[in-house]
Protein chains: 2
Amino acid sequence: MNEAPGVMEQTREAVQRAARELGYQPNAAARALRSRSSRLIGCLFSDLENPLYTRLFNSLQDRLADEGFVTLITASAGKLDREKQAISIFAERGMDAIVIAPGHQQDPEIVQLLEKFPAPIFVLDRDIPIQADRLVFDHFAAMDLAVGHLAKLGHRSILPVFSHQNTRPGLMRHAAFDAAMRGAGLTPGARVEPETPNTPVFREVQAALSCDDRPTAMIVQGTHVLPSTLNALANLRLRVPEDISLIAVGDSALAEEHVPPITALRLDRSALVEEITARVLARIRGQATEVSEKVLGYQLMERASCRRSIA
Amino acid sequence: MNEAPGVMEQTREAVQRAARELGYQPNAAARALRSRSSRLIGCLFSDLENPLYTRLFNSLQDRLADEGFVTLITASAGKLDREKQAISIFAERGMDAIVIAPGHQQDPEIVQLLEKFPAPIFVLDRDIPIQADRLVFDHFAAMDLAVGHLAKLGHRSILPVFSHQNTRPGLMRHAAFDAAMRGAGLTPGARVEPETPNTPVFREVQAALSCDDRPTAMIVQGTHVLPSTLNALANLRLRVPEDISLIAVGDSALAEEHVPPITALRLDRSALVEEITARVLARIRGQATEVSEKVLGYQLMERASCRRSIA
DNA sequence: CTGAAAGCGCTAACAT
DNA sequence: ATGTTAGCGCTTTCAG
C-alpha cells in the first residue's frame, strides 16, 4: 500500500485496486498513533494580514504537501496568550515540526514553552533565545540598498515609516536605517513609527510632509502602512515619483500593481521556502545535527516610483 | 482528567496535580483513534487575501478553540485541483466538520467528493448542489441598499466594479445590481468586470471615467479592486466624495481607515461566526436533524464617501 | 517476499 | 465512585 520497497509489482497493484474498489481511506489518527508521527507541520505567525506570511504559508503548504505533510497555520494578531495557546496546541497535537515568527520574541513563558517543545522548531527572523534552526533577514543590507539607491538619486532627506514592534524586523530596521543614512553621508531626520504594521499612518505622514523643508523620499513598510501613505500622498496632491520618491519594504501585489509600480525590497520567497522545507524535512528525518542559522538578503526591485531629487 | 461528572473533587485534583508534576501531555492521535473524533475542523476558502475570509477564520479559530476544536485552513487560490486535494486531505485526516467556500461550485468532481464526505459540511455563500447546512448572503438586498442610497443622493449613473467569478457572489451581484438599478428607475450602463477579485482594475476604471458623461458614483468590490480603483481616482485627480461617490462591497480595514472613510456594505461577522459555530457544533453533537439554510443580510455602513450628485 | 501478532495511548463499557 | 478491560486501525517486528 505505502510504496514499500521489495513488494512484487503484481501484489502491489492488486492491493491498490482492491483498496480503490472498497473505497478504503487510511486513518490518519491510527497512523499517527502507531508511527509516532502526525505528518502535521504547524506555523505560528504574528499576522495573517501581512502578505509575506500569507504567501509564505501558501508556498509552504504546496511544498510540504508534496512530501505528504499537512500545514497548519495560526495567527496570533500579536496577542501573547494566543501565542502561548498555539504553542501548547501544537505540542498536544504532536506536530512533527513548527515554523514560528511570533509577535513576542523575549517573553519568558514563550521561551520556556519552546525550550521543552517536543519537536523541531524553525525560527523565522526572530531573536528568540533558544537553540533552533533559524533564518533571519538582512535588514542592514536592505536599508543600505534602499537608502543608497535614493542617495544616488540625490535625495538627502528621507522619511522612514516602519512600525516599532518589539521583534527583530522592527528593532533592526530603525537601527539599520540610521546606519545606512550615516553610511551615505546623510543625517536621519523625522520619522513615523506606527505601533504595529497594521496601524494607519495617514495623519502622521501628512504632518511629516507638510513642513517647509519636506522629505523628498520615503521608505515605507509594505502592509497597512503603504495604503495609508498612498492615501496621504493623494490627499496632499503629491505625485509619485514627480514630487516624492517611494520605496516599499517588503513586496506585495499592491506595490507591483500600483500605477506607477512601486520600487520594493523583496525577499526571494522561493529561496525562503526552500530553506525552510529543506531544514524542516532534514530535522524530521533526523539527518540534521548542527543547528543552522542562515541570513537571507533582500533584493531591490527597481520600478517606477523613484526619481532624481528635485530639491 | 477530562472533567467527567461524578468524580470526587479530591480525586480530580489529585489526578490533575500528578499530571502536571509528571508533565503529562495527552496524545491527540490516540484520543482521535479511540473516540472517533479528531476535534479538527477544516476550512476551505477560495482566497486568503480576501479580508472577509481572513477575519472569519480568525474569529472561527477563537470561537471553536473555546469548544476544544482546532481549526485548519486551506486556500485554493481558486485552483480546482487544490480544492479537490484539500477535500481529500480533510477526509483522510478525519475532520469532524468542514466549512467551505470554494472557487468552484458546480464542478462534478468536487460535488462528488462532497457528497461522500464522511463528516458534516457547512457551505458559505455557494450554490453547491448538495444537501448541507448553508448560509448565503443576500446580494439582492445589498445592492438595493447601495443603489438606493446613491439614487436618493441624486446619482443616476453608477459604475459597478465586481469580479465576474463563477460562484454565487459574482453571479448574483451583477444580476442584483441590474435589478436594483431598474428598481430605482435607473438604467445600468458601463461596467467593469475583473476576472477575479484580485485583478487590478486601474486601466479599466480610468477608461470608464474618462468619457464625457462619466458616472458620478461607483460600487466597488472590497479586495484588490478597491486599492486599484483608489489609485485610478487619485491619478485622474477625482476627489472622493466631491467629484465621485464610492461604496465598497464588503468592509475592510482599508475602507474604515481611508481618508475619507468609505461607505461599505458590511456583513455582521459575529452573527456569521455564531451561525457557523452553532450549526457545526450541533451537527457534530448529532443534535441537528433538518438541513439548515439561512440568509444573512448586509448592512450599509454610511461613512464619508458619498455625497449628493453634482450632475 | 509475504502473513501473523503485538501494541502505540487512549476512552467506552463494564464490573466492582 | 472507582478500577479493569478491550480495542480503535494502523505499522513494526518477527516468523515463515
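Below, read A as the first sequence line, B as the second, and so on, with proteins coming before strands; counting in each chain starts at 1.
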Step through the shown structure and confirm whether more than 12 heavy atoms of other residues, nucleotides or ligands are within 6.0 Å of CD on B:Q287. yes
- Query: With side chains defined as the heavy atoms from C-beta onward, is the minimum distance between B:H224 and B:P197 less than 4.5 Å?
  - Reply: no
For residues 117-132 of chain B, the side chain to side chain donor-acceptor pair (under 3.5 Å) pairs (sequence neighbours left out) are B:Y53-B:R126, B:D125-B:H139, B:D125-B:R168
Only one of A:R63, A:R269, A:R279 passes salt bridge (charged side-chain N to carboxylate O under 4.0 Å, His left out) with A:E274, and that residue is A:R63
(Q) Donor-acceptor check, side chain of B:R39 to backbone of B:E67, threshold 3.5 angstrom: yes or no? (A) yes
Expected string for nucleotides 2-8 of chain D under the B/S/- scheme (protein heavy atoms, under 4.0 Å, primed atoms plus P, OP1, OP2 as sugar-phosphate) is S---BBB
Side-chain heavy-atom pair B:I276, B:L56 within 4.5 angstrom cut-off | yes
Counted 5' to 3', the first and last nucleotides of DNA chain C within 4.0 Å (strictly under) of a heavy-atom of chain B are C:dG9 to C:dA12
- prompt: Within a strict 4.5 Å, meaning less than it, do heavy atoms of the A:L272 and A:R55 side chains meet?
  reply: no
